[in-house]
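See below for the structure under consideration.
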Protein chains: 2
Amino acid sequence: MRMKSGMEQAVCTLILLARLPERTTLKAEAISERLEVSPSYLKKLMRMLVQAGLVDSTPGTRGGFSLAKKPEEVTLYDIFLAVEGRGGMYRDRGVFTSVFACEGQRSTGTCVLGHVMRRAEKAWVEVLEQETLASLLQQIRKTYSSERLAEMDAWLTSQLREEVNE
Amino acid sequence: MRMKSGMEQAVCTLILLARLPERTTLKAEAISERLEVSPSYLKKLMRMLVQAGLVDSTPGTRGGFSLAKKPEEVTLYDIFLAVEGRGGMYRDRGVFTSVFACEGQRSTGTCVLGHVMRRAEKAWVEVLEQETLASLLQQIRKTYSSERLAEMDAWLTSQLREEVNE
DNA sequence: TGATCGTGGATAAATAATATCCACAATAGT
DNA sequence: ACTATTGTGGATATTATTTATCCACGATCA
C-alpha cells in the first residue's frame, strides 16, 4: 500500500503554479525539467489536475498551465482525489462474506472490516483536508532558506509566459 | 493507493483463529478453502503472521496455526504491519528537493509534504490501533445472524486439530 | 501558414501484488 | 525406524497497477 509518486509530483507542480504571478502560465515541459521527472507522465498528471478543476490550461504558442483556484482553496485531499481517484484505499473483496455467508446467502452488505477502514480513512482525509497549498507554502517559507525561494522565483520568471489579454 | 487483499485475508484468518478453542489449531489449507482464496498466497501470509508473532505454528501430522496472543491484544495495526510491512504509505522520492535544492545542495532533510503525510498516517494508525480482534468479534456478533456464527463454529469444530499434550 | 502547445488515446516498460511450485525440517502415528 | 502430514523458505511465474513513451489532433499566436 504505497502512495503514487504522482502525488508528490502534483503537489510540487501546484506549489510552483501557486507562486506564479497573475495571468502567467508555465508549460508542462518546463515543469517536468524542474521536478526532474518524466515529461510524458507529468503531462498525464496535468490533464488529471485540469479535469479535476484545479488547474487551467491554455494551448498555443504562449500556452501553459496556471492555478484555477486560490492557493488557500486547494486542499491536499483535492489533489489526492485528482491523482488517485475516488474509491478509497480499502475495497472489500468479499473474503469476509465468504467466511460468514452460509451457502448461497450472500453479504448483508456491510463488511465489518470495511467499516473500521472507512473510519480510519476518514481520520486520514481530515488531516489532508486541513492542509492547503497556502499552508504548505507557508511551511516552505519556514523550512527553506530565502536563497532557495529566491532561486525558485528567479527560475519561475525565466520560464513563465504572459497570457494574452482578451 | 490500494490496500492489499492480503490484509482482508489476514484479518479473516485471525478471526477464525480467535474463535478456536484452547489448544487446537487450524491448518492452512482448511483456512484457504473457507476464505475461498489462493492456498499458496495464504500460506505466505501465514508465514508473515507467524514472523510478526501474531500466530503460533506447529508442524507435523496434526499441526496447524493458532493465535499467539489474546484477541484483545491483537490490534488491526499489528496485522497491517505484519502484512504490509513498515515503511508507511508515503515515501519521499526526492521531487521536492529537486525543486528547492539550488545546485548540488541537497535536502536539508525534511520534506514538507512528508511531514503532513506522516501526520495524516498517524491519525489513520490511531484508529487501527484502537480496534482489536476482540472488538471485531463483538461487532461480528452484532452484524451477523446467530445462525451464521453457529455455522462458522460448526465448521471450525469439523476442521480443528487438537494439540498433543506435552 | 507554420510553429508551439495542450488533449486524448494507444501502448510499452517497470514495479508491486498475487499465485504456483519444490526441496526441506519437524511432528505424530504406526 | 518409517511414512504421511504439515509448516518453512526460497525461486519463479502470473497478473494488476503504475510509470513512461509515442503519435495524431485541435487550439492559439506570430
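Per chain, numbering begins at 1; letters A, B, ... match sequence-line order. Worth knowing before you read on, the calculation uses all heavy atoms, side chains too, and leaves out hydrogens, waters and symmetry mates.
Other residues, nucleotides and ligands contribute over 12 non-hydrogen atoms within 6.0 Å of the CD atom of B/Glu72.
Rounding to the nearest 0.5 Å gives a distance of 7.5 Å between CG of A/Leu45 and OG of A/Ser5.
Each of B/Arg2 and B/Ala28 has a nearest nucleotide on DNA chain D; the 5'-most of these lies closest to B/Ala28. Summary of the strand contacts: B/Gly6 and A/Thr58 both lie near DNA chain C, and taking for each the nucleotide with the nearest heavy atom, the more 5' one is attributed to A/Thr58. Mapping B/Val50 and A/Arg62 onto DNA chain D by nearest heavy atom places B/Val50 closer to the 5' end of the strand.
OP1 or OP2 of C/dA17 has not a single side-chain nitrogen or oxygen of B/Ser5 nearer than 4.0 Å.
Comparing C/dG6, D/dG7, C/dT18 by their nearest atom to the side chain of B/Phe65 picks out D/dG7. Minimum atom distance to the side chain of B/Lys4 is reached by C/dT18, of the listed C/dT18, D/dT21, C/dA16. Listed nucleotides: C/dA19, D/dT21, D/dG7. Nearest to the side chain of A/Ser38: D/dT21. Between D/dG9, C/dA19, D/dT8, one nucleotide has an atom nearer to the side chain of B/Gln51 than all others, and that is D/dG9.
Salt-bridge check for A/Glu126 with A/Arg119: failed, with every basic side-chain N at 4.0 Å or more from each acidic carboxylate O. One finds no salt bridge joining B/Arg91 and A/Glu8 here, because no Lys/Arg side-chain nitrogen approaches an Asp/Glu carboxylate oxygen to under 4.0 Å.
For the pair B/Arg91 CZ and C/dT15 C1', the computed distance is 12 Å after rounding to whole Å. In this structure, CG of B/Leu45 is placed 14 Å from P of D/dG7, rounded to the nearest angstrom. Nucleotide C/dA12 holds its C1' atom 15 Å from the OH atom of A/Tyr41, rounded to whole Å. Here D/dT19 presents its C1' atom at 13 Å from CD of A/Glu84, a figure rounded to the nearest Å. Between the C1' atom of D/dG7 and the CD atom of B/Glu163 lies a distance of 14 Å, rounded to the nearest Å. Between the CZ atom of A/Arg93 and the P atom of D/dT15 there is a distance of 16 Å, given to the nearest Å. Note: CG (B/Leu42) to P (D/dG7) measures 10 Å, nearest angstrom. At whole-Å resolution of the value, CE in B/Met7 and C1' in C/dT18 are 17 Å apart.
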Chi angles and distances behind the ring pair (Phe, Tyr, Trp, His ring centres under 6.0 Å) call for A/Tyr77, A/Trp124: CA-CA 10 Å; A/Tyr77 187 53; A/Trp124 184 83; 7.1 Å; no
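Between the side chain of B/Arg34 and the backbone N or O of A/Val99 there is at least one donor-acceptor pair closer than 3.5 Å.
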Contact pattern, 5' to 3', of nucleotides 21-26 of chain C - B, S or - by protein heavy atom under 4.0 Å: -----B
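Counting non-hydrogen atoms under 4.0 angstrom, A/Met1 reaches the backbone sugars and phosphates but no base.
Between B/Glu131 and B/Thr75 there is no side-chain heavy-atom pair separated by less than 4.5 Å.
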